[in-house]
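Proteins come first, then strands; the chains are lettered A, B, ... in the order of their sequence lines, and each starts at number 1. Treat the numbers as computed from the prediction; the structure is a model and nothing was measured.
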Number of protein chains: 2
Amino acid sequence: MSASKKLSTAVKALYFLAETDPEPQNSITIANGIGSNASKLRQILSMLVKNNIIKSTYGTNGGFLIAKNINEIHLQEVYCAVEDRKAFYLDVSEVNGTGMEDAKKMNGLFLNLFSDIQVEIENKMRKIYLNNIIEQIKLTN
Amino acid sequence: MSASKKLSTAVKALYFLAETDPEPQNSITIANGIGSNASKLRQILSMLVKNNIIKSTYGTNGGFLIAKNINEIHLQEVYCAVEDRKAFYLDVSEVNGTGMEDAKKMNGLFLNLFSDIQVEIENKMRKIYLNNIIEQIKLTN
DNA sequence: GGGATTAGTTACACTATGTGTAACAGATTT
DNA sequence: AAATCTGTTACACATAGTGTAACTAATCCC
């Protein structure tokens, strides 16, 4: 499995917006700043807008603005905003046919196990705030 | 990300071998028993052989045999045997170009974070033994 | 109001990864 | 030698993610 690039792109964009706050930044400027693609970035940022993590304004001198304090944005909410499906998803597709009842039950066990893991991952993300990430970046300067 | 189907197939095969122990079972029999494909199954089982989780014998009446006690096989070693790369892998591909030093550092942070998560997942798997899985299946009969 | 600017959305080709399947090579038994 | 079985390779197919472009919708400015 691979947690998608979308999460890291989203966090980089948030970092960029935090650094340039309170000036609105358009998608092209952000994309140049973080080494991404403006069109793809708009797709990602629109999800952050829907989740009230950032705000957007149309028209000349419009762009994106961070909507919360950096110590109020944690990784889990960014993750949930950006990933429409569970990133840590176990493929335990249905067993077809008869006479494999035990194999079917095993699928259920795996689903339970991996939903536990999913919860743990999200709990861990919930403890990491944007300002923690920014601090760590600055520490390594 | 998606933890591959290979893990659940491997566990189902191990369960099948545990139930039929000590009779060697060939790939066709196991595949029929767990609803899989004999060829794909051989690919998976050959990895378990290399990791000494099961044994294989060639020739007539040959097949696969479980090589350890079911309370000595935990999920993490099956997972490691079967997945050549980390299943919970975050795509934080390199940032190209200059002037995006912070974005590059962020990739490093993400890699650290997700390697932490990887470790946690594997620790969790290390506590789950084949006999635990079998017990749970029988409990729901 | 009209043009410029920008977000938001849709579409699509390209890439990467995994899966299912078949074919063949290697090892062992009878 | 023939039959049986594992081990490996190859390849078509499906799926998901990525990069990119084009279009629509909203807003600003003159």
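- At most 12 non-hydrogen atoms from other residues, nucleotides or ligands lie less than 6.0 angstrom from CG of A:N61.
- As rounded to whole Å, 14 Å separates atom C1' of C:dT28 from atom CG of B:N26.
- Following rounding to the nearest Å, B:K5 (NZ) and D:dA14 (P) show an atom-to-atom distance of 15 Å.
- Comparing B:G62 and A:T60 by the nucleotide of DNA chain D that holds the closest heavy atom to each, the one mapping nearer the 5' end is B:G62.
- No side-chain N or O of B:N32 forms a donor-acceptor pair with one of B:T29 less than 3.5 Å apart.
- Remark on DNA chain C: of its neighbouring residues B:S39 and A:L45, the 5'-side contact belongs to A:L45, judged by nearest-heavy-atom nucleotide.
- Counting to the nearest Å, the P atom of C:dG20 and the CZ atom of B:R42 are 15 Å from each other.
- When the side-chain nitrogen and oxygen atoms of A:K6 are compared with OP1 and OP2 of D:dT18, none of them lie within a distance under 4.0 Å.
- Using a 4.0 Å cut-off on heavy atoms, the residues of residues 48-58 of chain A that approach DNA chain C are A:V49, A:K50, A:S56, A:T57, A:Y58, listed by number.
- A chain of hydrophobic side-chain contacts below 4.5 Å, direct or via other Ile, Leu, Val, Met, Phe, Trp or Tyr residues, connects A:L75 to A:I137.
- Closest approach to the A:S27 side chain among D:dG7, D:dC28, C:dA7 is made by C:dA7 (side chain taken as heavy atoms from C-beta onward).
- Spacing between atom CG of B:L7 and atom C1' of C:dT19 amounts to 16 Å, rounded to whole angstrom units.
- Counting only heavy atoms from C-beta on, B:S46 has its side chain closest to D:dT8 among D:dC5, D:dT8, C:dT9.
- As a whole-Å value, the separation of B:I28 CD1 from D:dC5 P is 7 Å.
- Applying the 4.0 Å criterion to OP1 and OP2 of C:dA22, one finds that B:K40 has every side-chain N and O outside that range.
- Neither A:I28 nor A:L14 shares a network with the other; the hydrophobic side chains, linked directly or stepwise wherever heavy atoms of I, L, V, M, F, W or Y lie under 4.5 Å apart, form separate groups for each.
- Connection of A:V78 to A:L65 is not established within any shared hydrophobic cluster, with ILVMFWY side chains joined at heavy-atom distances below 4.5 Å, either directly or through further cluster members.
- The residues A:K127 and A:E122 are annotated as not salt-bridged, no charged nitrogen and carboxylate oxygen being separated by less than 4.0 angstrom.
- Atom CG in B:L65 sits roughly 11 Å away from atom P in D:dT6 (whole-Å rounding).
- At the heavy-atom level, A:N37 lies under 4.0 Å from base atoms of the strands shown.
- Between the CG atom of B:L41 and the P atom of D:dC5 there is a distance of 14 Å, rounded to whole Å.
- Rounded to the nearest 0.5 Å, atoms CG (B:L41) and OG (B:S27) are 6.5 Å apart.
- For B:F64, taking side-chain heavy atoms from C-beta onward, the closest of the listed nucleotides D:dG19, D:dG7, C:dT29 is D:dG7.
- One interatomic measurement links the two molecules: CD of B:Q25 to P of D:dT4, which rounds to 17 Å at whole-angstrom precision.
- One cannot find a donor-acceptor pair under 3.5 Å joining the base of D:dT6 and the side-chain atoms of B:Q43.
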